Amino acid sequence: MHFSSKIIDWYRANKRELPWRNTRDPYKIWLSEIMLQQTRVAQGLPYYELFLEHFPTVRDLAEASEKKVLKLWQGLGYYSRARNLHATARTITYDYGEKFPDTYPELKKLKGVGDYTASAIASIAFDRPEPVVDGNVYRVLSRYFGVTLPVNSTEGMKYFKTLAREVMDPERAAEYNQGLMEFGALQCTPRNPGCDTCPLNNSCVALQKDQVGELPVKLKKSKVRNRYFNYLVLLDEHGNTRLQQREDKGIWQQLYEFPLVESQEILEQESIYNKVEETLPGYDLSSVSLENEEPIVHKLSHQHLHTRFWRVEIPGELERGIPLEELDEYPVPVLIADYIKTLKNSYF
DNA sequence: AAGCCGGGGGT
DNA sequence: ACCCCAGGCTT
């Protein structure tokens, strides 16, 4: 039996029941694909349900504020996905008459829709014979066909895309694509793959050559950068604090955080005092207290953020203050959300 | 081609 | 500590 047929048979017997598999609505397919970029099904699933509750149609999403979209996205990471999702919802609604494009090249023009996602929507929602190549597919194909080309090199990406197209079943693209990805997620896993029970174990090149553990080949990984964050948590006598919005570069664009002092190394208390003096001239520094002596290390995939929170008690009423009760309306990074929880516990 | 962009879970 | 996840965008 052929590769694609075995994948589809395996899929029919082993597939998970997932909400976006019970629909051909391109809006829902698109939403699920954006959310699942670099994200596990288990992590993305609750967000998918949440978004459909708040935005049943693409128009509902288009008419929402970016702040609300980011708030609902909070915790899922890679926030440019949320901003692009919102922008594309508006494009579909206001420029495309609420109708999704149904071909690969047209889909790929949408913000946040790259090669993978355009292929996924074209095949799953519209039955186009477009092969998808995601992290699962790289792994399965490199092992089964014994391909040692680095999957994240330009040459490798072209090769695997071509290979995926050659071995796909164009008549059953939707099922084949989803089956191949599901197979990678559940059977041909990164570590401890289920080769013993694999329906392809009599023809898998990597298994025959004992190279399952070495495939797929990937090019290096970038180094982790250390950063030192000091957040000034202003608190006035009315229980107001202050947030500021992060700008158009770097991490957490458009999300909110407390006023930030960043430094190359861990700051001495003296330096923080100086910063407070600059910000609030004549301020009584005896009301500044360090919340956590041991920095909280918030780990992103490419940065470690060594973070201290300083509580700054403000006499009277703060300008541009936000009541603590309203803090949860603001989209914030997980690092800030976690601190806000403890802040509220200590305050109330 | 390389770097950047989150957060969580598995090993 | 390191790897991976239904990748895409910018430089």
Side-chain angles (χ1 to χ4, degrees), chain A residues 11 15-16 18 20-21 29-48 70 73-85 87-88 107-125 130-140 150-158 160-161 164 174 176-186 188-193 213 216-225 227 246 248-255 297-305 331-338:
Chain A
Y11 182 55
K15 67 188 264 193
R16 293 170 286 185
L18 299 171
W20 48 85
R21 287 182 177 161
I29 305 289
W30 164 67
L31 179 63
S32 72
E33 292 301 342
I34 300 299
M35 285 186 164
L36 292 176
Q37 288 169 5
Q38 293 293 286
T39 305
R40 291 172 195 280
V41 166
Q43 188 185 2
L45 189 50
Y47 288 85
Y48 175 83
L70 283 170
W73 197 274
Q74 180 178 311
L76 196 54
Y78 285 147
Y79 296 93
S80 66
R81 292 184 295 170
R83 298 193 307 272
N84 288 334
L85 183 83
T88 289
L107 285 161
K108 200 168 178 307
K109 292 178 182 173
L110 302 172
K111 272 192 180 179
V113 176
D115 178 81
Y116 162 78
T117 305
S119 302
I121 300 173
S123 62
I124 298 171
E130 299 288 345
V132 302
V133 184
D134 73 336
N136 293 305
V137 176
Y138 281 128
R139 185 170 56 256
V140 174
V151 297
N152 53 346
S153 66
T154 302
E155 187 186 1
M157 293 191 306
K158 276 180 60 179
F160 281 97
K161 179 81 177 183
Y176 165 79
N177 280 339
Q178 294 181 84
L180 192 52
M181 293 189 284
E182 188 82 334
F183 181 79
L186 301 181
C188 194
T189 50
R191 275 174 295 263
N192 305 325
V217 175
K218 283 194 180 181
L219 264 32
K220 57 162 183 241
K221 46 259 164 189
S222 58
K223 283 194 336 192
V224 173
R225 177 161 71 112
R227 301 176 71 179
R246 289 187 67 91
D248 280 334
K249 58 166 104 169
I251 59 175
W252 302 334
Q253 287 173 27
Q254 316 308 133
L255 272 62
V297 184
H298 187 75
K299 295 178 177 178
L300 309 181
S301 53
H302 50 294
Q303 298 181 20
H304 287 185
L305 310 176
V332 297
V334 166
L335 172 64
I336 301 298
D338 287 347

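Predicted, not measured: the structure shown is a model, and the values here were computed from it. Below, chains carry the letters A, B, ... as their sequence lines are ordered, and counting in each starts from 1. Only heavy atoms go into these numbers, but all of them, side chains included; no hydrogens, no water, no symmetry mates.
You won't find any donor-acceptor pair under 3.5 Å spanning the side chain of A:T117 and the base of C:dG7, going by distance alone. The base of C:dA6 has none of its N or O atoms less than 3.5 Å from a complementary donor or acceptor on the side chain of A:R81. A donor-acceptor contact under 3.5 Å links the side chain of A:T39 to the base of B:dG6. Checked by distance alone, A:Q43 brings a side-chain donor or acceptor within 3.5 Å of a matching partner on the base of B:dG7.
In this structure the side chain of A:Y79 reaches within 4.5 angstrom of the side chain of A:L70, judged on heavy atoms.
Counting to the nearest Å, the P atom of C:dA6 and the CD1 atom of A:I124 are 13 Å from each other. Across the protein-nucleic acid pair, A:R191 atom CZ and B:dG10 atom P stand 11 Å apart, rounded to whole Å. Atom NZ in A:K15 sits roughly 17 Å away from atom P in C:dA6 (whole-Å rounding). The interatomic distance linking A:Q253 (CD) with B:dC4 (P) rounds to 14 Å, in whole Å. Across the protein-nucleic acid pair, A:Q74 atom CD and B:dG7 atom P stand 9 Å apart, rounded to whole Å. Taking atom NE2 of residue A:H304 and atom P of nucleotide C:dA1, one finds them 7 Å apart after rounding to whole Å. In this entry the distance linking OH of A:Y138 with C1' of C:dA6 reads 13 Å, nearest Å. Between A:K218 atom NZ and B:dA2 atom P the separation is 16 Å, expressed in whole Å.
Between A:Y138 and A:P216 the shortest heavy-atom distance is O-CB, 4.3 Å. Across all their heavy atoms, A:E130 and A:A122 have their closest contact at CG-CB, 4.0 Å. When all heavy atoms are compared, the tightest approach of A:V132 to A:S123 is CG1-OG, 4.2 Å.
No side-chain N or O of A:Q254 forms a donor-acceptor pair with one of A:R83 less than 3.5 Å apart.
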(message) Please evaluate residues A:Q38 and A:S301 with respect to the criterion side chain to side chain contact (heavy atoms under 4.5 Å, CB included), reporting the C-alpha separation (whole Å), side-chain torsions for both, the decisive distance (0.1 Å), and the verdict.
(response) CA-CA 11 Å; A:Q38 293 293 286; A:S301 53; over 6 Å; no
(request) Mind running side chain to side chain contact (heavy atoms under 4.5 Å, CB included) on A:T88 and A:W30 for me, showing each step along the way? (result) CA-CA 10 Å; A:T88 289; A:W30 164 67; 3.6 Å; yes
(request) Please lay out, stage by stage, how A:E33 and A:Y116 fare under the test side-chain hydrogen bond (donor to acceptor under 3.5 Å, both in side chains). (result) CA-CA 9 Å; A:E33 292 301 342; A:Y116 162 78; 2.6 Å; yes
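Between A:W252 and B:dC4, a side-chain N or O to OP1/OP2 separation shorter than 4.0 Å is absent. Contact check, A:R40 against B:dG10: no side-chain N or O comes under 4.0 Å of OP1 or OP2. The side chain of A:Q37 contributes no N or O atom lying less than 4.0 Å from OP1 or OP2 of C:dG7. Contact check, A:H302 against B:dC4: no side-chain N or O comes under 4.0 Å of OP1 or OP2.
No contact: A:R83 has no heavy atom under 4.0 Å from any strand. Among the heavy atoms of the strands lying under 4.0 Å from A:G250 are primed sugar atoms or P, OP1, OP2 only; no base atom is included. Using a 4.0 Å heavy-atom cutoff across all strands shown, A:I34 reaches no nucleic acid atom at all. Counting any heavy atom pair closer than 4.0 Å across all strands shown, A:W20 reaches a base atom. As judged by a 4.0 angstrom heavy-atom cut-off over every strand, A:Q303 is placed among residues touching the sugar-phosphate backbone only. The residue A:D115 sits close only to the backbone: its heavy atoms come under 4.0 Å of sugar-phosphate atoms, none of a base. Counting non-hydrogen atoms under 4.0 angstrom, A:S80 reaches nothing in the nucleic acid.
Of the residues near DNA chain C, A:K299 and A:Y78, the one whose nearest nucleotide (by heavy atom distance) lies more toward the 5' end is A:K299. The 5' end of DNA chain B is approached more closely, in terms of each residue's nearest nucleotide, by A:L219 than by the other of A:V334 and A:L219. Toward the 5′ end of DNA chain C lies the nearest nucleotide of A:E33, the other residue of the pair A:E33 and A:G112 mapping further downstream.
Each of C:dC5, C:dG7, B:dG6 was ranked by its minimum atom distance to the side chain of A:D134; first place goes to C:dG7. Closest to the A:Q38 side chain, of the nucleotides C:dC5, C:dA6, B:dC5, is C:dC5. Side-chain proximity of A:K220 to B:dG3, B:dG10, C:dG7: nearest is B:dG3.
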(request) Using Watson-Crick or G-U wobble pairs with both distances under 3.5 Å, give me DNA chain B in dot-bracket, 5' to 3', with [ ] for crossers and | for pairs to another strand. (result) |||||.|||||
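Nucleotides C:dA6 and B:dT11 are separated by 14 Å at their P atoms, to the nearest Å. Of the P atoms belonging to B:dG8 and C:dG8, the separation is 22 Å, rounded to the nearest Å. Taking atom C1' in both B:dC5 and C:dC4, one finds a spacing of 16 Å when rounded to whole Å. When the C1' atom is compared between C:dC3 and B:dG6, the two are found 15 Å apart, to the nearest whole Å.
For A:E182 and A:R21, the salt-bridge test passes: some basic side-chain N is under 4.0 Å from an acidic carboxylate O.
A 6.0 Å sphere centred on NZ of A:K111 holds no more than 12 heavy atoms belonging to other residues, nucleotides or ligands.
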